[in-house]
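The residues of the chain are indexed from 1 along the displayed sequence.
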Amino acid sequence: QVQLVESGGGLVQPGGSLRLSCAASGSISSINSMDWYRQAPGNQRELVARGPSRGVANYADSVKGRFTISRDSAKNTVYLQMNSLKPEDTAIYYCYASLLTYDSRGYTPYWGQGTQVTVSS
């Protein structure tokens, strides 16, 4: 079955940077979307960055200009470069993918287990 594995989280000081990675593996036929979400304690999970489609990416207003999403199709991997980090960015970051497997007829959503990002001095 399909598995999404995030990595790159950790503790960083305000103003610092982190680069998150999410690799999808399994019997994948095609990937429609690979995106990043985050969830802080007590809050709903929110979209952070929607992966580029034909070169176009979407970002939450709170991260626009600071975060950059990119994708390596050959590796089925999506990245999130996070610069100028703020304490408000502290959350668990989740990778999301909508994809087809070789034995499915429709796109199916998959979620990673999440990686913790903590921004604190």
Identify the residue among N76, D35, I31 that makes a side-chain contact (heavy atoms from CB on, under 4.5 Å) with R71.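 One option only clears the test, and that one is I31.
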Return the [atom1] to [atom2] distance between [X] and [Y], rounded to the nearest 0.5 Å.
{"X": "L11", "Y": "Q116", "atom1": "CG", "atom2": "CD", "value": "9.5 Å"}
{"X": "S70", "Y": "Q81", "atom1": "OG", "atom2": "CD", "value": "8.0 Å"}
{"X": "Q13", "Y": "L85", "atom1": "CD", "atom2": "CG", "value": "11.5 Å"}
{"X": "F67", "Y": "S84", "atom1": "CZ", "atom2": "OG", "value": "9.0 Å"}
{"X": "D89", "Y": "N83", "atom1": "CG", "atom2": "CG", "value": "10.5 Å"}
{"X": "S17", "Y": "R66", "atom1": "OG", "atom2": "CZ", "value": "10.0 Å"}

What are the two closest non-hydrogen atoms of [X] and [Y], and how far apart are they?
{"X": "A97", "Y": "M34", "value": "CB-CG, 4.0 Å"}
{"X": "Y59", "Y": "T68", "value": "OH-CA, 3.4 Å"}
{"X": "Q39", "Y": "A91", "value": "O-CB, 3.5 Å"}
{"X": "S121", "Y": "P14", "value": "N-CD, 3.6 Å"}
{"X": "Y107", "Y": "S30", "value": "OH-OG, 3.6 Å"}
{"X": "I69", "Y": "A57", "value": "CG2-CB, 3.7 Å"}

Hey, what else clusters with Y96 if you join Ile, Leu, Val, Met, Phe, Trp, Tyr whenever side-chain heavy atoms sit under 4.5 Å?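 Other cluster members: Y37, L47, I92, Y94, W111.
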Do V12 and Y79 share a hydrophobic cluster, counting only Ile, Leu, Val, Met, Phe, Trp and Tyr and linking them when any side-chain heavy atoms are less than 4.5 Å apart?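 No, V12 and Y79 fall in different hydrophobic clusters.
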Please tell me whether L18 and V119 are part of a single hydrophobic cluster in this structure, the criterion being side-chain heavy atoms less than 4.5 Å apart.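 Linked, L18 and V119 end up in one cluster.
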Answer yes or no: is there a side-chain heavy-atom contact under 4.5 Å between [X] and [Y]?
{"X": "W36", "Y": "C22", "value": "yes"}
{"X": "S25", "Y": "V5", "value": "no"}
{"X": "M82", "Y": "V63", "value": "no"}
{"X": "L20", "Y": "V117", "value": "yes"}

Verdict with supporting geometry, N32 and L100, side-chain contact (heavy atoms from CB on, under 4.5 Å): CA-CA 8 Å; N32 181 61; L100 286 173; over 6 Å; no
Evaluate side-chain contact (heavy atoms from CB on, under 4.5 Å) for T90 paired with S120, printing each intermediate quantity in order. CA-CA 8 Å; T90 296; S120 177; 6.0 Å; no
What pairs with D61 under salt bridge (Lys or Arg N to Asp or Glu O under 4.0 Å), at least two apart in sequence or on another chain?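 Scan of D61 (salt bridge (Lys or Arg N to Asp or Glu O under 4.0 Å), adjacent residues dropped) gives K64.
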What residues, two or more places apart in sequence or in another chain, satisfy side chain to side chain donor-acceptor pair (under 3.5 Å) together with T101?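 With neighbours one apart ignored, the set is D103, S104.
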Quick one: do R38 and S62 satisfy side-chain contact (heavy atoms from CB on, under 4.5 Å)? Show the steps, please. CA-CA 12 Å; R38 69 184 182 187; S62 60; 3.3 Å; yes
